[in-house]
Structure formats: C-alpha cells, structure tokens
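Report on the structure given below.
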Amino acid sequence: MSTAILSALPEEQSSLVQHLAQPQRLMHAGRAFWRGELHGRPVVLALSGIGKVAAATTATALIERFNVARIVFTGVAGGVGDGVHRGDVVVAQDYVQHDMDASPLFPRWELPGYARTRLACDPVLTALLLEAARACVAGGSGQFGLKSAAGQARHRVHHGLVASGDRFVSAAAESQQLRAALQGAGHDVLAVEMEGAAVAQVCHDYGVPFAAVRTISDRADDTAHGDFALFVQTVASRYAEHMVQTLLRML
Ligand code: SAH
C-alpha cells in the first residue's frame, strides 16, 4: 500500500513530482493525483488545495479511491509560538481548528460529535517524521538560501500543537489574539495554517495514520504575505523534498 504525500501548494509539490519514478497522472474529483515510486517506495502525490474543505476532499479521495496506508502532509505555515522563526520546522503533535466555535452548544473549539478539541497525529509515523525533520535541519543549515533570524544559531525543529482555519493570518494583532485565546484554554499553539486539522479529522474517521510537517514561511504578522510568497518560491519545495526522501527511507 502506498504512502500519500499531500502538499498544499504546487510550489511545494514540484520537486517531488520531478523525482517520481514511473509517474502516472490520474484525475479524480477535479484534482490531479500522481502515482509512482519515490526512492523505491510506492507513493501517491496530491495537492490538498487551500483551506479545510478542499483538504478534506483530497484526503478522502486518497483513502477511498487510492487506498493509501498513511498520509503525510508537507507544507508551510505561519509561526505564532515564541521562538518559532522563519525557516524553522514544526512537526505536528496534534491539531486544533482555531475557527471552530459552536458555543454555547459546545465549548469553544470543541469538535461537535467528537467530544474533544484536539486531534492527535499518529505517534509512530510522527516520531519518524520528527527524526527525518531533525536530520534534514541538522544537515541542511544554510543550504536552503535562507539566513537564520538574527541571534539564532540555526533553524530549529519544534514539536507540538498546530492550529488550522480558513484564514490566512496576516496581522500581528490577529495572530497574538488567536494565540492568547487558545493559550487561555490550555492550548499552546506553535503555528497556524489552513488544512492540517481537516486532514487529521478525515484520517481519524477512517483510522488512517497521519503525520504533518510545516516549514515556517512567515510569522503570521503584517509582513506575512510577502514573506510567505518569497519563501514558497525559494525554499519550500526543497525542504519538502529532503524531508520526504529521508522519511520514505525509514518506512
Ligand atoms: N497561494 C496563495 C495563497 C496561499 S494561502 C497565494 O498566491 O498567495 C497560504 C498557504 O500557506 C495555506 O496553504 C496555509 O496552510 C499556509 N500558510 C502559510 N502561512 C500562513 C498564515 N500566516 N496563515 C494561514 N496559513 C498560512
């Protein structure tokens, strides 16, 4: 059975497609899926699309149509936790939907019908992804054309809670508010993006292992849009390729 590698943006996927052996492109649900082998392992590459609904549809198709054994998400995210800088890598431990709010029927952020707020990623697959991310960051410092933030010796790998929602967070005030509100309820968020929690929920429903890694492209602040665009063009795809390659060798 194949491993699905899910990317949010074409820029993040491009170098994976270039390295695919026996590539086969299939259209399904208005999306392109690439079947083939990466480093000797059967894979299906797909774009999640942007936002939770698009990502949930892609994840469902990967499971129902392509019968994948596990889903690994690689993408970029805005850093919101202290010390989570551009170029750092966040491996998700679990996910929260920061825009889920069915209060007063359910506590804010709780997923109705799931009796919980956070959905955990698969611990075994996540431990491998964490190892792959650490190996890449340790070996790749300075290789990716991005200087570390001032005063920071090298890029770091973080592991913890990631928040998803249907918003590109691009104002410092919004990012601080989002983080403080969740922190007040005991949810310490490292990074924000737009798809992971949806894929985590689909994988939870089907019992399919899920792991996610996000490289920090911006700080979800007032310069987020420019930082994001530059990062995606220059760094994201090479980061994704290195981490996926290292992970697949471990499987
Ligand atoms: N491709 C579009 C916009 C992409 S939206 C463009 O042309 O600009 C941003 C993507 O990166 C989403 O897939 C999201 O998961 C992630 N992301 C990066 N920084 C983010 C932030 N600050 N807030 C929310 N999502 C972010």
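These numbers come from the heavy atoms of this one structure, side chains and all, not from hydrogens, waters or symmetry mates. Just so you know, ligand 1 is whichever comes first in the structure, and atom 1 is the first atom listed for that ligand.
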In this structure, atom 16 (C) of ligand 1 is nearest to the protein heavy atom Val76 O, 3.3 Å
For Arg214, is at least one N or O under 3.5 Å away from an N or O on ligand 1?
-> yes
Output yes when a protein non-hydrogen atom is found under 4.0 Å of atom 7 (O) of ligand 1, and no otherwise.
-> no
What's the shortest heavy-atom distance between Arg70 and Val208, and which atoms?
-> CA-CG1, 3.9 Å
Ligand-residue contact atoms, ligand 1 with Ala8, heavy atoms, under 4.0 Å = 13 (O)
Taking only heavy atoms of Met194, which atoms of ligand 1 are found under 4.0 Å from at least one of them?
-> 5 (S), 12 (C), 14 (C), 15 (O), 24 (C), 25 (N)
Counting from 1 in the order shown, the ligand 1 atoms closer than 4.0 Å to a non-hydrogen atom of Asp218 are 18 (C), 19 (N), 20 (C), 21 (C), 22 (N)
Can you tell me which residue and heavy atom of the protein come closest to atom 11 (O) of ligand 1, and the distance to 0.1 Å?
-> Phe228 CE1, 3.2 Å
Can you sort out which atoms of ligand 1 are near His225, meaning under 4.0 Å from one of its heavy atoms?
-> 8 (O)
Could you tell me whether some N/O pair between Val169 and ligand 1 is separated by less than 3.5 angstrom?
-> yes
Pair Arg249, His39: side-chain N/O donor-acceptor within cut-off below 3.5 Å | no
Around atom 12 (C) of ligand 1, find the nearest protein heavy atom and jot down its residue, atom name and distance.
-> Glu195 OE2, 3.4 Å
